[in-house]
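Proteins come first, then strands; the chains are lettered A, B, ... in the order of their sequence lines, and each starts at number 1. Just so it is clear, the values below take in all heavy atoms, side chains as well, and ignore hydrogens, waters and symmetry mates.
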2 protein chains.
Amino acid sequence: MSNSELKEALDTLKATGVRITPQRHAILEYLIKSMSHPTADEIYKALEGKFPNMSVATVYNNLRVFREVGLVKELTYGDSSSRFDYVTSNHYHVICESCGKIVDFHYPALDEVEQLASHVTGFKVSHHRMEVYGTCPDCQKKDVH
Amino acid sequence: MSNSELKEALDTLKATGVRITPQRHAILEYLIKSMSHPTADEIYKALEGKFPNMSVATVYNNLRVFREVGLVKELTYGDSSSRFDYVTSNHYHVICESCGKIVDFHYPALDEVEQLASHVTGFKVSHHRMEVYGTCPDCQKKDVH
DNA sequence: TTATTACTTTATAATCTTTATAATTAGTGT
DNA sequence: ACACTAATTATAAAGATTATAAAGTAATAA
């Protein structure tokens with residue numbers, strides 16, 4: 001359940017060489033267990049009790065790290081501050097146009113796109129597909145030489 | 001072409017009782033002719049020559065007015081400032097799984113997905129594709145009977 | 001054309017979110 | 001435990017957007 005999700009998240013961090021600090025642990029735990037889309041400030045305030053000395057910058061820094069690793073999505077709706085969403089299970093593919101290699105990358109499902117398509121066209125939407133195309137790091141090196 | 005678009009836009013303003021000031025005219029014209037997604041500040045700087053005394057607040061105020069009237073869409077991608085888009089024609093496809101019909105729907109390009117994929121996988125991304133699948137209104141009716 | 005009125009613009013300041021900096025602290029692999 | 005390097009803290013700064021009040025101006029009708 002959410003505990004195994006946390007464990008998975010920590011494994012992801014370890015695998016990508018991101019240090020696991022108490023603050024990171026707490027922020028991740030909060031994101032996973034809160035089941036909401038908190039702002040950075042909400043997270044900061046929620047963890048004030050546990051980490052009285054934690055800086056807001058730490059929250060922002062770590063949310064950025066999580067986002068870069070694909071664990072968290074930053075939602076930029078219209079309002080003034082970003083909201084952060086723990087990414088559960090969805091992933092898409094990046095495909096190398098040179099050698100055909102396929103690599104997973106995590107990204108939350110594009111629910112909003114489905115909703116909009118459904119609303120605008122009257123379709124009853126069942127699913128969608130998306131792929132990103134480009135050149136993998138190996139082939140980029142080859143191209144240079 | 002873009003001139004008639006501008007004319008249409010001005011008609012829309014008139015029809016909705018929004019005053020047409022020189023600044024509004026210029027901002028609209030810039031949005032339509034620039035063919036880009038400028039930030040408020042970019043618009044401000046672009047019109048500096050024509051309106052040396054124009055305030056940034058004027059740009060923001062009017063972009064809000066245009067948005068409220070539906071002439072402009074505010075795009076909140078990841079970066080720090082909003083971008084403003086004059087109703088354009090980016091689109092994807094919805095495909096009926098029952099009869100194969102394909103219908104366009106408009107949606108801003110998923111630049112953010114490309115960026116994330118590129119960052120996480122190291123690929124040099126060239127493009128992406130996305131389709132939504134479902135049942136078209138006609139086939140929904142058939143299914144019922 | 002001119003007067004009126006309400007809406008706009010300008011200039012400035014304030015607010016709020018997010019990032020940068022530098023010194024200190026603390027994970028992690030050996 | 002040690003050394004290496006990254007992360008945290010505290011603070012300041014930057015940057016985007018909004019608020020305010022005074023001055024200006026577009027639209028309308030007499």
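Here the closest non-hydrogen pair linking B:Ala9 and B:Leu71 is O-CD1, 3.9 Å. In this structure, A:Phe66 and A:Leu13 approach most closely via the heavy-atom pair CE2-CD1, 4.0 Å. Shown here for A:Pro22 and A:Phe51, the closest heavy-atom pair between the two residues is O-CZ, 3.7 Å. Nearest approach of A:Arg19 to A:Arg24, heavy atoms of both residues: O-NH1, 2.7 Å.
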Q: Go through the steps to decide whether A:Thr135 and B:Val125 satisfy the test side chain to side chain contact (heavy atoms under 4.5 Å, CB included), and finish with yes or no.
A: CA-CA 6 Å; A:Thr135 312; B:Val125 169; over 6 Å; no
Q: Given side-chain hydrogen bond (donor to acceptor under 3.5 Å, both in side chains), test B:Glu74 with B:Ser82 step by step and report yes or no.
A: CA-CA 6 Å; B:Glu74 183 172 355; B:Ser82 288; 2.7 Å; yes
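Contact check of residues 42-50 of chain A against DNA chain D (heavy atom, cut-off under 4.0 Å) returns no residues at all.
B:Glu8 is linked by a salt bridge (Lys or Arg N to Asp or Glu O under 4.0 Å) to nothing, counting only residues two or more places apart in sequence or in another chain. The salt bridge (Lys or Arg N to Asp or Glu O under 4.0 Å) search around A:Asp41 returns A:Lys45, not counting sequence neighbours.
Running 5' to 3' along DNA chain C, contacts with non-hydrogen atoms of chain A at under 4.0 Å begin and end at C:dT17 to C:dT28.
The OH atom of A:Tyr92 sits 3.5 Å away from atom CG of A:Leu110, with the distance rounded to the nearest 0.5 Å.
A salt bridge between A:Glu131 and A:Arg129 is present, with a side-chain N of the basic residue lying under 4.0 Å from a carboxylate O of the acidic one.
At least one donor-acceptor pair under 3.5 Å links the side chain of A:Gln140 to the backbone N or O of B:Gly122.
Looking at heavy atoms from C-beta onward, B:Lys50 lies out of side-chain contact with B:Gln23 at the 4.5 angstrom threshold.
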Q. If the sugar-phosphate is the primed atoms plus P, OP1 and OP2 and the base is the rest, what is the B/S/- string for nucleotides 16-30 of chain D, using protein heavy atoms under 4.0 Å?
A. SSBB------BS---
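Rounded to 10 degrees, the angle between the two end axes of the helix from C:dT1-D:dA30 to C:dT30-D:dA1 is 50°, with five pairs used at each end.
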